[in-house]
2 protein chains.
Amino acid sequence: MTGQRSPEKLLAEHNIKPSYQRLKVMEYLSSRRNHPTVDEIHRALVQDIPTLSKTTVYNTLTLFARANLVRRVIVDDSEAHYDVLTDCHGHFKCDSCGRIYDFPLGSDLLGEEGLASFEIRERNVYYRGICSTCRD
Amino acid sequence: MTGQRSPEKLLAEHNIKPSYQRLKVMEYLSSRRNHPTVDEIHRALVQDIPTLSKTTVYNTLTLFARANLVRRVIVDDSEAHYDVLTDCHGHFKCDSCGRIYDFPLGSDLLGEEGLASFEIRERNVYYRGICSTCRD
DNA sequence: ATATGTGCAAACTGTTTGCAGCCGC
DNA sequence: GCGGCTGCAAACAGTTTGCACATAT
């Protein structure tokens with residue numbers, strides 16, 4: 001059972017030097033799994049680290065993404081969102097409240113027959129609509 | 001059998017005034033179904049319409065998208081692609097050649113149980129990887 | 001004559017890059 | 001002391017906006 005590794009361990013396993021800002025970013029991502037944007041992460045962390053720059057958040061996330069520690073999620077034309085969960089799941093973005101929900105994805109379900117002999121490296125599935133809370 | 005309507009008809013059906021540039025954009029989209037970017041459309045059409053501005057292409061595509069004549073396809077973090085086919089299909093982008101392939105999508109296949117009582121308005125499915133041509 | 005489409009230029013936004021200074025080992 | 005992390009400022013790319021001119025009916 002691998003479960004929830006600590007930010008320190010995660011970084012160590014991927015040979016990433018555990019600087020204070022990196023640890024904080026990873027900590028933020030793994031606690032609140034809100035698919036935050038760069039801006040949200042930055043706004044949240046500047047409180048503890050007043051000198052934190054957005055550049056560092058960008059650098060850090062790019063680094064994490066290359067190491068497959070996080071995934072850049074496109075649910076939205078404008079900003080990129082980041083997700084620590086690397087297992088295969090879809091995203092649903094509510095047009096009304098803007099919240100992003102995860103939903104499980106079966107493995108081989110889609111019409112992937114059409115992609116025989118293609119090497120699939122990444123699957124992105126995102127829906128848009130109105131969530132149950134906003135419909136009430 | 002509805003099949004291929006002419007650009008004129010398509011625009012008329014959606015109460016869109018058939019200006020020269022609009023017709024040309026629609027014509028381009030429906031002939032080469034290449035999921036072109038704004039830039040590609042513009043580059044292609046300036047040849048016939050030397051005064052054509054990108055702004056007009058943007059305006060036109062936004063107009064078409066609102067009328068559900070085209071779909072904005074996000075397969076790529078940077079530029080938006082446009083697609084006349086509004087039926088449900090997935091996109092595969094080759095990391096090597098950059099080409100975008102369509103593939104059919106079954107209807108209710110995914111793990112959508114998790115989204116019971118959500119109102120799904122739009123499904124986006126895109127994969128990344130290496131296409132069969134580039135693997136050889 | 002009026003409403004609407006077009007296109008230039010400038011603004012905007014998210015992201016990237018260059019580079020000087022700083023910190024930890 | 002050295003490698004490399006940080007963060008400012010400037011560059012960048014795609015897109016949007018403001019506005020004057022052109023165009024069609």
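Letters A, B, ... mirror the listed sequences (proteins, then strands); counts begin at 1. Since this is a predicted model, take the numbers as computed values, not measurements.
Atom CZ of Arg72(A) sits about 15.5 Å away from atom NE2 of His35(A), to the nearest 0.5 Å. Here the straight-line distance linking atom CG of Asp83(A) with atom CD1 of Ile100(A) works out to 9.0 Å at 0.5 Å rounding.
Within 6.0 Å of CZ in Arg135(A) there are more than 12 heavy atoms belonging to other residues, nucleotides or ligands.
The hydrophobic cluster containing Leu61(B) also contains Ile49(B), counting ILVMFWY residues as joined when their side-chain heavy atoms lie under 4.5 angstrom apart, directly or transitively.
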Exercise answer: donor-acceptor pairs, residues 11-18 of chain A side-chain atoms, under 3.5 Å, sequence neighbours excluded:
{"from": "Glu13(A)", "atom 1": "OE1", "to": "Arg5(A)", "atom 2": "NE", "distance (Å)": "3.0"}
{"from": "Glu13(A)", "atom 1": "OE2", "to": "Arg5(A)", "atom 2": "NE", "distance (Å)": "2.8"}
{"from": "His14(A)", "atom 1": "ND1", "to": "Ala67(A)", "atom 2": "O", "distance (Å)": "3.2"}

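Nucleic acid contact for Thr37(A): none, since no nucleic acid atom lies under 4.0 Å from a heavy atom of the residue.
Going from atom CG of Asn59(B) over to atom P of dT15(D) covers 13 Å, rounded to whole Å. Separating the CD1 atom of Ile49(A) from the C1' atom of dC23(C) is a distance of 15 Å, rounded to the nearest angstrom. Atom pair Asp76(B):CG and dA13(D):P shows a separation of 15 Å (rounding to whole Å applied). When rounded to the nearest whole Å, the span between CG of Leu61(B) and C1' of dG5(C) equals 15 Å. The NZ-P distance, from Lys54(A) to dC8(D), rounds to 12 Å in whole Å. Taking atom CG of residue Leu63(B) and atom P of nucleotide dG5(C), one finds them 8 Å apart after rounding to whole Å. The interatomic distance linking Arg72(A) (CZ) with dG14(C) (P) rounds to 13 Å, in whole Å. Summarising the geometry, the separation between NE2 on His81(B) and C1' on dT15(D) is reported as 14 Å, rounded to the nearest angstrom.
Taking for each of Thr55(B) and Glu79(B) the nucleotide of DNA chain D with the nearest heavy atom, the 5'-most of the two is the partner of Glu79(B).
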Discussion item. Quick one, Ile41(B) with Leu45(B), criterion side chain to side chain contact (heavy atoms under 4.5 Å, CB included). Give me CA distance, side-chain angles, the key distance, then yes/no.
Written reply: CA-CA 6 Å; Ile41(B) 300 172; Leu45(B) 296 183; 3.8 Å; yes
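Between dG14(C) and Ser78(A), no contact under 4.0 Å exists linking OP1 or OP2 to a side-chain N or O. Considering only side-chain N and O atoms, Ser53(B) lies nowhere under 4.0 angstrom from the phosphate OP1 or OP2 of dT6(C). Tyr58(B) has a side-chain polar atom (N or O) that falls below the 4.0 Å cut-off from OP1 or OP2 of dT15(D).
A distance below 6.0 Å separates the ring centres of Phe103(A) and Tyr127(A).
Near DNA chain D, meaning a heavy atom under 4.0 Å away, the residues from residues 12-25 of chain A are Lys17(A), Ser19(A), Gln21(A), Arg22(A).
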